[in-house]
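First up is the structure itself, then whatever we jot down about it.
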Amino acid sequence: MCALFWGMIGQPCACHVGTLAVVITQEFTMLYTGSCHCGQTRYEIEGELGHVIECNCSYCRRKGPLMWFVPRDALKLHTPEDALATYRFNRHVIAHHFCPNCGCAPFGMGTDPSGNAMVAVNVRCLDDIDFAALEVMQYDGLHRN
């Protein structure tokens, strides 16, 4: 599923400019589980894991996430949201959540350009993912406007 790269560029990704996005139906979705390193932050994500985005902005190049963008309602937290620590920087539009115990950053929350609530899931925190099988798209967040 290619979501709009809502937090960084605020416009459709290069693979969908001038095209219609493919709608993925519920019958093709999977349920993924994930957590922080210590297990204090646990969650589930329902969706179709297509490609992921690797960004080189000042935050991502230090943390190293591979991001998968999904609608907010695809995320089911098993940990209360107020139990997470949050970091915001630059324009303060993305809430980068992390575990206050181990510091692991499993996801961030924000909105796409249309105002839809979205989650950027760090697939490195999902269980049983074959990282070598993922299609990784590079995004130059360091030099964005």
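Everything numeric in this text was worked out from a predicted model, so none of it was measured.
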| message | Working to the nearest 0.5 angstrom, can you tell me the gap between I94 CD1 and M118 CE? | response | 11.0 Å
| said: Can you tell me how far apart SG (C60) and CG (L66) are? Round to the nearest 0.5 Å. | reply: 9.5 Å
When you measure from the side chain of [X] to the backbone of [Y], do you find a donor-acceptor pair of N or O atoms at a distance under 3.5 Å?
| X | Y | answer |
| --- | --- | --- |
| N56 | L142 | yes |
| R61 | G64 | no |
| T79 | R42 | yes |

Using a 4.5 Å cut-off on heavy atoms from C-beta on, say whether the side chain of [Y] contacts that of [X].
| X | Y | answer |
| --- | --- | --- |
| F69 | I53 | yes |
| L126 | D128 | no |
| L134 | L49 | yes |
| F131 | R124 | yes |
| F107 | L84 | yes |
| M109 | R72 | yes |
| V70 | L75 | no |
| E44 | H78 | yes |

| field | Candidate pair C102 and Q40, rule side chain to side chain contact (heavy atoms under 4.5 Å, CB included), full reasoning | value | CA-CA 8 Å; C102 68; Q40 182 174 311; over 6 Å; no
Closest contact, heavy atoms only, [X] versus [Y]:
| X | Y | answer |
| --- | --- | --- |
| A95 | T86 | CB-CG2, 3.7 Å |
| C38 | C99 | SG-SG, 3.7 Å |
| G34 | D127 | N-OD2, 3.9 Å |

| request: Applying side-chain contact (heavy atoms from CB on, under 4.5 Å), name anything that partners Y59, two or more places apart in sequence or on another chain. | output: C57, K63, Y87, F89, H96, A105
| task | In sequence, state the C-alpha distance, the side-chain angles, and the governing distance for C125 and C104, and then conclude on side chain to side chain contact (heavy atoms under 4.5 Å, CB included). | result | CA-CA 8 Å; C125 295; C104 193; 3.6 Å; yes
| query | Same cluster or not: are Y43 and M30 linked, directly or through other Ile, Leu, Val, Met, Phe, Trp or Tyr residues, by side-chain heavy atoms under 4.5 angstrom apart? | reply | yes
| remark: Y32 meets the ring pair (Phe, Tyr, Trp, His ring centres under 6.0 Å) criterion, sequence neighbours left out, with W68
| request: Indicate whether the side chain of E48 and that of T29 have a donor and an acceptor atom separated by less than 3.5 Å. | output: no
